[in-house]
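The structure appears right after this line, and notes come after that.
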Amino acid sequence: MSNKLIKYLSSLRFTILLICLLGLMFIIGLWVPQVRLVKDIYLEWYRNSPRLVELLDAFGLTTIYTSPITITLWVLFFINLGLVLWQRMPLVKQRIAISEAKIADPENAAGYPYRNSFTLPADFDGETVVAKLRKRRYTLLGNASGFYAAKNRLAPIAFVLFHVSFYLVLLGGLISVYTEFIAYLDLAQGETFHGELSRYNSSPSPKLPAFGSPPSASFTVASVVPRVVNYTPTSISVKLLDGQGQTHEVGINTPYSTGPTSFVFKHLGMAPHFVLKDFAGTVIENTLVKLDVLKMRPDTFALAGYTFTATFYPDYVLENGKRATRSMEFNNPVFFIAVERDGKKVAEGLVPKNGTLEFDGKRLEMQELRYWVRFYVITQRGLSILYLGFAVACIAVVWRMIFYKREIVGAVRESEGERLLVVAGRSEYYKDLAEDEFNKLFCKITGKSGEV
Amino acid sequence: MAFWEIVFYWVALVIYSAACGGYLYSFIFKNPRVMPKMTALVGAGFVSVSIAIIARFNATGHLPWSGHYEYVLMGGWFIIAGTLFVGWQNKSLQGLAVATLPLVIIMMGYGYMQKPGLTPMAASLKTIWLYIHVYFAWLSFGAYSLAMAAGVLFLLKHKSEAREVPNPAYDRFPTLGRLDELIFRYVIFGFVTDTIMICAGAIWAKALWGSYWAWDPVETWSLISWLIYGITIHLRVTFRWRETRLAWLAVGALSSVIISFFGVNLVVDTSLHVFQVR
């Protein structure tokens, strides 16, 4: 019974079944909104069809990539991979082994579908053929009277490497998952961060690592310079000044990395410095506000009991009497601010940099306009193992699939006063195409056209 | 679109359509003599697309790597480059164009309906990983398309040979055995480049999004298509799936690649593979 089970668990049929099931789970994951990936869509779906979503929740289909079903499939997949590897090891050893016993009569050798003979030129001795095969990277045993030659003899090792690479990716992935710290951090130009956990955004809440501690980075955002051409953001340069006085430049594709922690630029916003005064000039409130307004959606903030709704125009223009922006370039940044108190509109107006808005006996001054950036802070250990897995997988798949094994048995024989090279050959994966390849090879070696 | 880009894009589309008609005529009316002329025509169309790409490069300052229109421009270029390359290496494979040309024509038509405006390179795309990732993606798409084309040829030739009087138009193509092995060879090449593409994409994703794998819809689909081709290779090598079954697999599996390139972003708007191009 257990033998039967192990046999099934180690079968390729089972591998294919598992891959199909995993593929099916991934497809379901694309169709069913996932809580972690598209929370807003998930919540909207939940509001519309709570029973259906609860049912899907119960089966873990809304967290499908970490659901018990998927984890079970992965566990079975790696068990299957391990068993396949274990069972195929002797076969791999056998395939790469080379011995005199492999020298066979090319006219009768079993398992060699390609057979041909080539007349050798008069000045050509058998050893020249052997030397020419060696020159073409064939490992050769024997001599002209009978030889066995193999090209890419060690290719079956790549099978082992390819499957081992999956374990490296798994190991790297597991280490990264269990040491993972994820959080978002909003910092405006001039703000300093010392690694305080309380400074990270509360929504979504930071994911603390199962092993290890949160990162202990410390830096000040020295400058933020975005570049936009029309509507396309073409670059961003965020300069960070660390505790040692060193400057680090963060851009898109170039996070600030300190140890296993990366601060990845995620989002840009406007951070106006507002001062609310009364008409006598006394400061009522003074604050740097981080507004998420660059997607042309208004954002709100509150000062002294008033609610301010701000819409931002990076390149402000009045078109047909309507407020608009010529582009997303920061050529003429202007806020349109509506002020409310207790749900009633008090005032509204345009506020450019250093501009003011007067209302209700008060004056709102924008003294400075900075940027703020949102960093995606992620700590992951084990990435070097994971990348090693990727590298091994790439090398192994190229080795196994492109540098596959070819074997030849041959002999130089005399027949009717002529010297003939008699050969038989076989190749992994191919028969007809290998025939073309062998014909081409021996025609080049002998300088003759092939004769069957 | 730049002026010369529009001109040569349309010239290429017209040439490809004419060549496609010629290939179909050759098959349907059993006239194989037309085929080399059609290959020359495809070559002319390829030159025309290349000029369109150069014109776009000249106008934007970067190679067309982003957005659906640019995907089809470069994707079509790679597929036809592959078709011409294998046809040049082996004359009997010139007929692969009968399957790859319609695919490229549909892609080009679809691309034109997207946003072909001239846009500067988005910041997220300014990295060496773009070239590695996208280059291998196109190589794999090209190879899988050739596998599909070889599959189509195999099925047509197989059907023709089952008749009492086979269509002489198929005589120019390799034997069924060779076509069967060619399908596998193209699948192998596609799988190798696909593997490199996914690994390079994961490393780029770590720098760009902070995570090497985020179950993004495009990521997930490319994993699904990689698994499908992985299964195809296993079925061929271990279960000896050959000939008709392999040909159908090569034709069917291409749909998973088309979905990951074009389909996912049509259906799902949550993919990170959008790159803010307007």
Side-chain angles (χ1 to χ4, degrees), chain A residues 12-13 15-16 19-20 22-23 26-27 29-30 33-34 36-38 41 64-65 173 176 182 226-227 229-236 251-255 262-264 266 328 375-378 380 383 386-387 389-391 393-394 397-398 401-402 404 428-436, chain B residues 119-127 129-130 174-182 184-185 188-189 191-192 194-196 198-200 202-204 206-217 220-221 223-224 227-228 230-231 233-239 256 264 267-268 270 276-278:
Chain A
L12 194 66
R13 215 172 285 276
T15 315
I16 290 173
I19 293 176
C20 290
L22 280 168
F26 300 157
I27 291 172
L30 289 176
Q34 298 296 298
R36 236 191 75 200
L37 303 177
V38 282
I41 300 174
I64 201 157
Y65 303 115
S176 72
I182 297 176
R227 284 190 193 87
V229 177
N230 291 325
Y231 286 90
T232 307
T234 54
S235 78
I236 183 144
I252 293 171
N253 284 309
T254 46
S262 296
F263 289 78
V264 183
K266 263 296 182 215
M328 289 306 287
F375 290 108
Y376 176 69
V377 186
I378 181 160
Q380 282 177 327
L383 286 181
L386 187 97
Y387 291 160
F390 287 161
C394 291
V397 81
V398 169
M401 299 293 182
I402 295 176
Y404 50 89
E428 287 185 303
Y429 310 139
Y430 307 107
K431 186 178 156 284
D432 291 356
L433 294 178
E435 230 170 67
D436 298 345
Chain B
T119 51
M121 181 83 108
S124 48
L125 300 174
K126 289 178 179 169
T127 167
W129 287 107
L130 169 78
T175 59
L176 286 177
R178 279 180 172 73
L179 272 176
D180 170 64
E181 292 185 353
L182 279 170
F184 182 66
R185 186 167 271 189
I188 292 271
F189 185 80
F191 187 74
V192 168
D194 205 359
T195 307
I196 299 171
I198 290 177
C199 292
I203 296 170
W204 180 16
K206 174 68 187 158
L208 178 60
W209 301 322
S211 179
Y212 56 86
W213 196 264
W215 295 109
D216 175 71
T220 309
W221 258 111
L223 178 63
I224 290 168
L227 290 174
I228 288 172
I231 290 175
I233 290 170
H234 277 93
L235 286 173
R236 158 75 189 221
V237 173
T238 313
F239 290 108
S256 70
V264 174
V267 191
V268 185
T270 52
Q276 300 178 347
V277 175
R278 279 187 63 174

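Lettering of chains follows the sequences in order, A, B, ..., and the numbering in each one begins at 1.
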Which heavy-atom pair separates B/R178 from A/D432 by the least distance, and what is that distance? N-OD2, 3.4 Å

Measuring from atom OH of A/Y376 to atom CG of B/L208, what distance do you get when rounded to the nearest 0.5 angstrom? 12.0 Å

Got a donor-acceptor contact below 3.5 angstrom from the A/N253 side chain to the B/A207 backbone? no

Check: B/W215 and A/I64 side chains under 4.5 Å, non-hydrogen atoms: no

Are the side chains of A/Y65 and B/T220 in contact, using a 4.5 Å heavy-atom criterion? yes

Of the listed A/L386, A/V377, A/I182, the one with the largest count of heavy-atom pairs under 4.5 Å with chain B is A/L386

Distance from A/I16 atom CD1 to B/L227 atom CG, nearest 0.5 Å? 11.5 Å

Please report the closest heavy-atom contact between A/L12 and B/H234, naming both atoms and the distance. CD1-CD2, 3.4 Å

Is it the side chain or the backbone of A/Q34 that comes within 4.5 Å of chain B heavy atoms, both, or neither? neither

Is B/K206 close to A/V264 at the side-chain level, that is, under 4.5 Å between some pair of heavy atoms? no

What part of B/R236 gets within 4.5 angstrom of chain A, counting heavy atoms only: side chain, backbone, both, or neither? side chain

Does the side chain of B/V237 come within less than 4.5 Å of A/E428's, by heavy atoms? no

Can you say whether the rings of B/Y212 and A/F390 are parallel (under 30°), tilted (30 to 60°) or perpendicular (over 60°)? perpendicular

Under 4.5 Å to a heavy atom of chain A? For B/I224 that would be side chain

Could you check whether any side-chain heavy atom of A/R13 comes within less than 4.5 Å of a side-chain heavy atom of B/F239, counting everything from C-beta outward? yes

Any sub-3.5 Å donor-acceptor pair from A/K266's side-chain atoms to B/W209's backbone N or O? yes

With respect to chain B, which residue among A/I236, A/L22, A/L383 yields the maximal number of heavy-atom pairs within a distance under 4.5 Å? A/L383

Most contacts with chain B, counted as non-hydrogen pairs under 4.5 angstrom, among A/V398, A/I402, A/I378: A/I378

Part of A/S262 lying under 4.5 Å from any heavy atom of chain B: side chain

Checking A/F26 against chain B: side chain, backbone, both or neither under 4.5 Å from a heavy atom? both

Portion of B/L182 that has a non-hydrogen atom of chain A nearer than 4.5 angstrom: both

Checking B/I228 against chain A: side chain, backbone, both or neither under 4.5 Å from a heavy atom? neither

Counting only non-hydrogen atoms closer than 4.5 Å, does A/Y387 touch chain B with its backbone (N, CA, C, O), its side chain (CB onward), both, or neither? side chain

Test item: B/I188 and A/Y404 side chains (from C-beta on) under 4.5 Å apart, heavy atoms: no

Which atoms of A/T15 approach chain B - backbone, side chain, both or neither, heavy atom under 4.5 Å: neither

